[in-house]
Each structure stands twice: as structure tokens, then as C-alpha cells.
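Remarks on the structure that follows.
When a ligand or atom number is given, it counts from 1 through the structure's own listing order.
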Amino acid sequence: MKMISTRGMAPAVGASEAMAAGLAPDGGLYMPATLPRLAPDDFAGLARLPQIAERLLRPFFAGDPLETRLPAICREAFAVEPALRPLGAPGDYLLELFHGPTAAFKDYGAGFLAACLAALPARERPLTIVVATSGDTGAAVAAAFHERPGFRVLILYPDGRVSPRQAHQLGCFGGNVRALRVAGNFDDCQRLAKSMLSDTALRAEAPLSSANSISLGRLLPQMAYYAQASLAHWRANRRPLGFVVPTGNLGNALACVLVRHLGLPVGGIVLAGNANQVLAEFFAGGEFRPRPSIPTLANAMDVGAPNNFERLDWLYPDETELRRALRAESVDDLAIAATIRAVRSGTGEILCPHTATAAQVLQRLRARGEPGDWCVVATAHPAKFPDVVEPLVGAPVPLPPALAQMLARPSEAEPAAPDEEAMRALIRAW
Ligand SMILES: *Cc1c(COP(=O)(O)O)cnc(C)c1O
């Protein structure tokens, strides 16, 4: 299947070419040229995530150099099963996507992208993945490419502005992963990364690529867990399952939208945001008005200009239809904190601050009499955010084993100035 740009001014390419490129040459984002129709019967006998992912993704890789490698790629990238569990009241569920190496859902997208790039023919020179991160993305990408021959990862993160545990994670890989703690904010890191990636002279000397949330190689695999959860629910109850998705750049939620487009039994979709209100305003009937982000307790969602909105806009050219297809709500820090406390005392579950935005939105839906079965998407393990979560629940949050192993390793990040020339020199000398 061909992938086309949302801006319509770039040649159509295959899936692996789109994944290797990141952004389309016209500045647009790649989308599948057509969306196949799939029904629950197409997945008969399939229940584990790697099998469902392979069946789901097969049409997108038809005719692609990676077509025959897809089963092996899926076995590798989807080895960790999510958990779909009841959450308190009947009809309420929790989908835990945080059982991977860095304890956030981004492990699925980063792992799939890495497995795909590694399955393509080897290059003469190593490919350097440049990633600017405010926390979770950098660790997931580093874990996915760590110790893969032919790849290097350069992480840029704002010094002092990620949680101590996130900083430790970013610096603990070593080997082919270098972590730079940049004297600046996240925008400085992003500006540096963009400047390196758009420098054709530099890229001719040292091949560079990105792995940010606009990459098709992260978007497509995220469909797999929505397909799996909605199919499991359909088989057990013959009812569709709605999803409330903690949302920042809209990558995770967009995968859910695509799964519903394919014809799988997904009910309503609600975007849960933090105090960065751009999506909530738009879906309430206002303009789409990107702006600088503000810091919140759900820091991986501190996004003022959701970069996958362009894909949503392309999928639903009619704004009225788009506003009918999705809803969005904003949850401020006070409500995040209150929800972590209330869910803990009501159900015993400990949620991360991102997941708490979705739990809060589901509470609001139910209070307004919303019927049907709904699933809160749990995007990270609460142990990644002990400074926020532990005082609220009044107890230490036990570390999952993968995270504990990572935190037991020594960690070191190199200091860096937010200086483009110094960064170019560093890449050239690596
Ligand atoms: C990245 C992230 C999000 C936001 O996901 P998007 O795809 O950017 O909308 C939510 N929660 C956690 C824990 C994250 O790391």
C-alpha cells in the first residue's frame, strides 16, 4: 500500500520509505492512501497482541520490502501484552500499556519503528536517531535502538526539567546512546533537533533520522492494542468499547480513530487533555489555536501545538464531522491530583498523572449519564512519577522490574549548550 502526504504535494511511497523519511518532503505527514475494511471475523482465532498486530498491519505493508518480515517484526515489537481490566463500576475498564521496558505506551511505537528500520538493508554508515524529549519519548526510543548495530541515538533533554527518575532513565543506556542535558527548555531541544535534521550538508556526512510522534512507524503499531482490546471486549460482550485517551500530540488517540475507521468495534473516543486546552477548545466549537505549552503534572502531555492534528484534519476535512467523531476535555492539575486520590481510595488502583486525566474525564461522562462500556487508557506506570503520585496516595509505589533494573544502572548525561554549531561538531566527531 502507498502512503501519501497530508499536504498532497509529495510522491506516494511505500510504508518502509515513509517510516525511514519521518516527515514527507512537502512538510506534510504520511497517511495510508486507503484504509482497508476489517471486521472481527478477520481476526477469528487470534487473541495475542503479535498475531492481531500482524493481521491488522498486513494490508499496510502489502508490496513493501518489509512485507515478508512483518511476522517477525510483530513478534519482536509486541512481545509485551497489555492488560485490559475492570476499573471500579460495571462497564468501566483500564487498558494498561505500560508493561514494556520504559513503562510507557511509547515502547510499542518506538519498538516497532526500531524493528522495522533494523530489518531494512544495512547502510554503510550508522544511522543516528536524533530525539528531543521532555521525558518519556527519549527513553522509549533509546531502549528500542540500544545495542542495535548500525544505529546510534542522540537524546536532547532540558536539564533540570524532567523528573529525576526520567533523567536517570535517559542517561543509563550508554553504548550507542548519548544523552545530552541541554541548558535550556524543551523548545530549545526541539529547535536543535530540527536544525540538525534539516541540515542536508550534515546529513550527507552523518545520516540522521528522527523518531518523534509524527513518524508513521510509531502511529501504525499503536493501532494494535486498540484492535486487541476492542476485539476482546466484543467477543465477551457483543458491545463496542469506547476509549478515553490521555492526549498530548494526538499520536496515541489517532491510532484509536484509525482502528474505528477500519471497522473494528470501537465506540466513542474522547481525548483527555491537561490544562493545555487547545483541543478542548476546538472540539467545543472554537478555533484550532496552537500556542506555547504550559507545564502541568501530566508533563508528557504539555503540548500547545498537537502535531498530529494535521492528520485528523486530513481524515475529516469537514469540521462539523470531525467534532461529531471525537470529543475532548481539559483537566487541570487540581483535578488530576484529586482523581489520583479518589481512584486510589475508591478502587485501590494507583494511576499516573496522565492516566488520571482520562479517569477524570470518564467520571465526568458518567456523571452526565453517559451509557455504554468505556476504557481509560493507562499510558504510563505511576512509579515513573513518584514525586507527584506518592504524596497523593500516601504510600510508596513499587517499581516494575524493568524500571527497577534501569534505575539500578549508573546514569550519566553530558552537559550541552543550546548551540547549533557545537551540536553539529559533536555529531561530526561521534
Ligand atoms: C507521550 C505521552 C502521552 C501523550 O501521547 P500523545 O501520543 O502525544 O498524545 C500521554 N501519556 C504519557 C505517559 C506519555 O508518555
- Message: Any nitrogen or oxygen of His354 lying under 3.5 Å from a nitrogen or oxygen in ligand 1? Just yes or no.
- Response: no
- Test Glu329 against Arg364 for salt bridge (Lys or Arg N to Asp or Glu O under 4.0 Å), laying out the working first. CA-CA 10 Å; Glu329 301 232 3; Arg364 291 183 196 167; 2.9 Å; yes
- Give a yes-or-no answer on whether the side chains of Asp302 and Ser293 include a donor-acceptor pair shorter than 3.5 Å. no
- What are the atoms of ligand 1, with element, lying closer than 4.0 Å to any heavy atom of Asn252? 7 (O)
- Of all the atoms in ligand 1, which lie at a distance below 4.0 Å from a heavy atom belonging to Gly251? 6 (P), 7 (O), 9 (O)
- Message: Counting C-beta onward and ignoring hydrogens, is there a side-chain heavy-atom pair between Val303 and Asn276 closer than 4.5 Å?
- Response: no
- For Lys106, the ligand 1 atoms whose distance to one of its heavy atoms is below 4.0 Å: 1 (C), 2 (C), 3 (C), 14 (C), 15 (O)
- Query: According to the interplanar angle, ranging from 0 to 90°, do the rings of His146 and Phe173 count as parallel (below 30°), tilted (30 to 60°) or perpendicular (above 60°)?
  - Reply: perpendicular
- Message: Is it the case that ligand 1 has an N or O less than 3.5 angstrom from some N or O of Leu250?
- Response: yes
- Query: How close does the nearest protein non-hydrogen atom get to atom 5 (O) of ligand 1, and which residue and atom is it?
  - Reply: Phe105 CZ, 3.4 Å
- Do Glu147 and Asn176 have side-chain atoms, one donor and one acceptor, less than 3.5 Å apart? no
- Geometric cation-pi criterion, Arg323 with Tyr316: 6.0 Å, 45°: no
- atom 12 (C) of ligand 1: which protein heavy atom is closest, and how many Å away? Thr379 OG1, 3.4 Å
- Nearest protein heavy atom with distance in Å, relative to atom 9 (O) of ligand 1: Gly248 N, 2.8 Å
- Query: Looking just at side-chain N and O atoms, do Asn252 and Tyr108 make a donor-acceptor pair shorter than 3.5 Å?
  - Reply: no
- Note on the structure: shortest atom 8 (O) of ligand 1-to-protein heavy-atom contact is with Asn249 N, 2.8 Å
- Numbered in order shown, the ligand 1 atoms found under 4.0 Å of a heavy atom of Met301 are 3 (C), 4 (C), 10 (C)
